[in-house]
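Below is one structure, written out as structure tokens; the observations come after it.
Note that ligands are numbered from 1 as they come in the structure, with each ligand's atoms numbered from 1 the same way. All residue numbers in this chain count up from 1 along the given sequence.
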Amino acid sequence: MTTPKKLFIKTYGCQMNVYDSERMAEALGGQGYVETKTAEDADMILLNTCHIREKAAEKVYSELGRLKPLKADNPNLKIGVAGCVAQAEGAEIMRRQPAVDLVVGPQSYHRLPAMEERVRAGQTALDTDFPEEDKFDHLKSRPKARRAPAAFLTVQEGCDKFCAFCVVPYTRGAEVSRPADKLLTEARDLVERGVREVTLLGQNVNAYHGGMTLADLIRALAKIDGLERIRYTTSHPNDMDDDLIATHGEVEKLMPYLHLPVQSGSDHILKRMNRSHTAESYLRLIERIRSVRPDILMSGDFIVGFPEETDADFEATMQLVREVRYGYAYSFKYSSRPGTPAAERADVPAEVADARLQQLQALITQHQREIQNSMVGRDLSVLIEKQGREAGQMVGKSEYLHAVHVENCSASVGDIVPVRITEGKTNSLAAQMR
Ligand code: 5AD
Ligand code: SF4
């Protein structure tokens, strides 16, 4: 019997990368790899990198520098770089760090098995093309047992929006939607494997146009028996059309949670970001969404310290946050990304940006806590995902995506149970079965 080779994947960045890492593990599973949790005992290390913020490439090079000595202990060790840094840097990675055997961009993961064979034969393998073929064909959604009962389904990739700060249109390429019929077949497949909730995933998910609109895809998915919950992420305000808004009032299985990044509350900055919406149009949009689904929990992304951001611009962002009251929000200090239009502009001083970030995060956290605490006493339903740490406790997600610990819970993984929320904790809620 041959012992399986061990694969260690380190994932950086977004949910798209988490999803991609699973697909890569599957693809290499066919080559005889099983996953390991430590780099030290691996025969293949893959860094699934993210290029969106911070000095991403530099961090990857220093991580590679740390990993290189492992090759002395295990001559069979192969090191690969995947993800958006791989896409952006390409062959430069192998030039700067010769310990790297393989560089693969996000559009080429289905070619990993052949690439693995090349590196096993002592060669290097590089693939950062944007292929014409259906790149999704070989990357079917196959949730592992541990992932069920909630799964991701990638419905589109790439972005044509070209926000002035963002590398995604360059690293992930143009927007591509997957055909709706394939997605519906995959969703049925997932349900047969025990999945009860799908999150439709895409960099610009509401720009979806795979033979039907996202609204119609959601309606078609909602007809699948056994599929109980539907979510989608990440959306752009400009693609939130009336029909998609209507689904939030009409489709019961569509969960009351929406991640809708605005980035800034200042019209001047929004314009300089090339966002093509205003703070006012965004607020009106949320009003329309809340008019069909008043309890919807909003989530967002913010960038502070974008070039030219003044105190008044930042105050406009704070004001927008006060008006929306996000249940979750992610805020980032602007980081200049080479090759993007904003990289040409002068940065706001770091200490100014740091202070703004702290102020914004404090406000967001306050709202998050208040909203979380307002759940106490409410009757919610929880999709049970796993056992909790304490005896009799099960853990799952509410409709609003809050993590919920259900005490004295007789339900099993995959059940959707009615609960009453008893307590708000920092990052989760406690509940009793009803
Ligand atoms: N600097 C800081 N934050 C960024 N994001 C994207 N690019 C940058 C950048 N250059 C943030 C945006 C986006 C989220 C995924 O990452 O808020 O919505
Ligand atoms: Fe980047 Fe803007 Fe596209 Fe989002 S919409 S992926 S921030 S370019």
Practice problem: Mark yes when over 12 heavy atoms from residues, nucleotides or ligands other than Lys68 sit less than 6.0 Å from its NZ; otherwise mark no. | Solution: no

Quiz item: Is it the case that more than 12 heavy atoms not belonging to Gln387 sit under 6.0 Å from its CD atom?
Solution: no

Quiz item: Under the 4.0 Å line, does any protein heavy atom show up next to atom 6 (S) of ligand 2?
Solution: yes

Quiz item: For ligand 1, does Ile52 get within less than 4.0 Å through its side chain, its backbone, both, or neither, judged by non-hydrogen atoms?
Solution: both

Quiz prompt | ligand 1 versus Lys333: contacting region, heavy-atom distance under 4.0 Å | solution = backbone

Self-check item: Cut-off under 2.8 Å, centre atom 2 (Fe) of ligand 2, protein N/O/S atoms
Solution: Cys163 SG

Are [X] and [Y] ion-paired here, with the side-chain N under 4.0 Å from a carboxylate O?
X	Y	answer
Arg23	Asp20	no
Asp267	Lys271	no
Lys10	Glu35	no
Arg178	Glu186	yes
Arg356	Asp354	no
Asp101	Lys71	yes
Glu197	Lys397	no

Quiz item: Can you list the ligand 1 atoms lying under 4.0 Å from a non-hydrogen atom of Arg337?
Solution: 10 (N)

Quiz prompt | Gln263: numbered ligand 1 atoms lying under 4.0 Å from its heavy atoms | solution = 12 (C), 13 (C), 17 (O), 18 (O)

Quiz prompt | Test of proximity, Phe165 against ligand 1: N or O pairs below 3.5 Å | solution = yes

Quiz item: Does an N or O from Tyr334, backbone or side chain, lie closer than 3.5 Å to an N or O of ligand 1?
Solution: no

